[in-house]
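Handing you a structure now.
Computed from heavy atoms alone, side chains included, the values below leave out hydrogens, waters and symmetry copies.
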Amino acid sequence: NVGKSSLLNAITNKDRAIVTEIPGTTRDTIEEFINYEGLYLHLIDTAGIRHTSEVVESIGIELSKKSAREADIVIVVIDGSDKISDEDRDILNSVEDKNKIIFINKADKGTSADLEEIKKYSDHIVVGSIKKDQGIREIMSLIKKIFTIDVDASFTSIFNLRHKQALEAAKE
């Protein structure tokens with residue numbers, strides 16, 4: 001397990017998602033709403049996207065893919081104590097057109113993941129450890145950075161990603 005549910009729990013400061021060492025624990029989507037520095041966020045924890053023949057888990061994986069397609073930002077969590085896997089690459093490729101943050105978790109166990117390879121998938125990479133409370137603030141800062149754009153020096157901000165994209169397109 002890479003730590004997706006642990007990340008949701010850490011961000012919300014709640015034991016909202018069940019966390020075990022057993023792959024496939026999360027099968028349905030778990031949704032939470034938080035206010036982070038004035039930014040209202042809808043967070044969704046999903047089943048891990050992996051190959052399985054288990055029927056119920058397969059349904060959860062399809063829900064995960066749907067949630068990723070509909071998300072404004074996807075946080076891809078990778079187990080940094082292992083080398084990047086073909087499943088990791090498949091996930092990263094499936095969200096190549098999305099705003100994404102890649103969180104390399106389990107840095108407390110050492111980092112075996114190839115950071116140079118991971119940098120090919122996103123400019124927004126955080127290396128940390130949920131267990132040691134490392135990287136969570138950086139993830140939240142990146143989320144805010146992706147969602148907000150300063151319009152002028154009067155502290156006016158746009159908090160909807162679609163509004164930000166429309167303003168940037170109009171500026172061009």
Side-chain angles (χ1 to χ4, degrees), residues 1-50 57 59-80 88 91-92 94-108 113 118 121-152 154-168:
N1 289 342
V2 298
K4 295 177 310 305
S5 296
S6 296
L7 179 60
L8 176 76
N9 289 345
I11 290 172
T12 61
N13 288 315
K14 296 180 191 175
D15 285 332
R16 181 66 175 89
I18 296 170
V19 175
T20 73
E21 293 298 320
I22 303 165
T25 301
T26 305
R27 294 174 174 226
D28 207 347
T29 57
I30 301 171
E31 302 186 28
E32 277 292 320
F33 295 88
I34 64 165
N35 183 325
Y36 176 73
E37 296 182 1
L39 185 62
Y40 195 62
L41 300 172
H42 178 195
L43 305 174
I44 304 174
D45 179 29
T46 66
I49 298 175
R50 63 193 188 109
E57 188 178 0
I59 294 168
I61 290 168
E62 289 308 311
L63 288 172
S64 299
K65 291 176 181 178
K66 180 180 185 273
S67 293
R69 284 191 303 271
E70 295 174 355
D72 290 319
I73 299 175
V74 175
I75 302 173
V76 178
V77 183
I78 293 176
D79 181 345
D88 293 331
I91 293 165
L92 290 164
S94 74
V95 294
E96 69 181 336
D97 296 334
K98 303 294 294 183
N99 285 309
K100 69 187 134 313
I101 298 167
I102 302 172
F103 179 52
I104 312 300
N105 191 25
K106 303 186 182 182
D108 56 309
I118 293 169
Y121 295 99
S122 179
D123 294 331
H124 304 298
I125 298 170
V126 176
V127 177
S129 168
I130 296 167
K131 192 177 272 190
K132 300 287 185 183
D133 194 29
Q134 298 168 342
I136 295 151
R137 283 180 286 287
E138 292 86 347
I139 290 170
M140 298 309 294
S141 293
L142 280 172
I143 290 171
K144 187 167 185 179
K145 178 181 175 186
I146 291 168
F147 269 120
T148 60
I149 179 173
D150 288 330
V151 177
D152 59 34
S154 67
F155 302 103
T156 302
S157 295
I158 302 299
F159 289 107
N160 182 301
L161 185 59
R162 289 173 186 87
H163 293 164
K164 176 183 174 185
Q165 290 167 337
L167 284 171
E168 288 172 342

K100 side chain vs K98 backbone, donor-acceptor pair below 3.5 Å: yes
E37 side chain near T148 side chain, heavy-atom distance below 4.5 Å: no
Inter-residue atom distance E70.CD - I44.CD1, 0.5 Å rounding: 7.5 Å
Nearest-0.5 Å distance that lies between atom CG in L7 and atom OG1 in T12: 9.0 Å
Distance, nearest 0.5 Å, that separates CD1 of I143 from CD1 of I101: 4.5 Å
Least distance between heavy atoms, A71 atom then V74 atom: CB-CG2, 4.0 Å
Gap between atom CZ of F147 and atom CG of L142 - 0.5 Å precision: 12.5 Å
From CD1 (I104) to CG (D88), nearest 0.5 Å: 8.5 Å
Side-chain donor/acceptor of N105 to backbone N/O of V77, under 3.5 Å: no
Shortest non-hydrogen contact between A107 and S129, atoms and distance: N-CB, 4.1 Å
Evaluation steps, side-chain contact (heavy atoms from CB on, under 4.5 Å), between I11 and L41: CA-CA 11 Å; I11 290 172; L41 300 172; over 6 Å; no
Distance in Å, I125 CD1 paired with I102 CD1, rounded so as to fall on 0.5 Å steps: 5.0 Å
Contact summary for E32 and L8, nearest pair of heavy atoms: CB-CD1, 4.4 Å
Which atom of V95 lies closest to which atom of A68, heavy atoms considered: CG1-CB, 4.2 Å
Heavy-atom pair with the smallest gap, counting every atom of G3 and I130: O-CD1, 3.3 Å
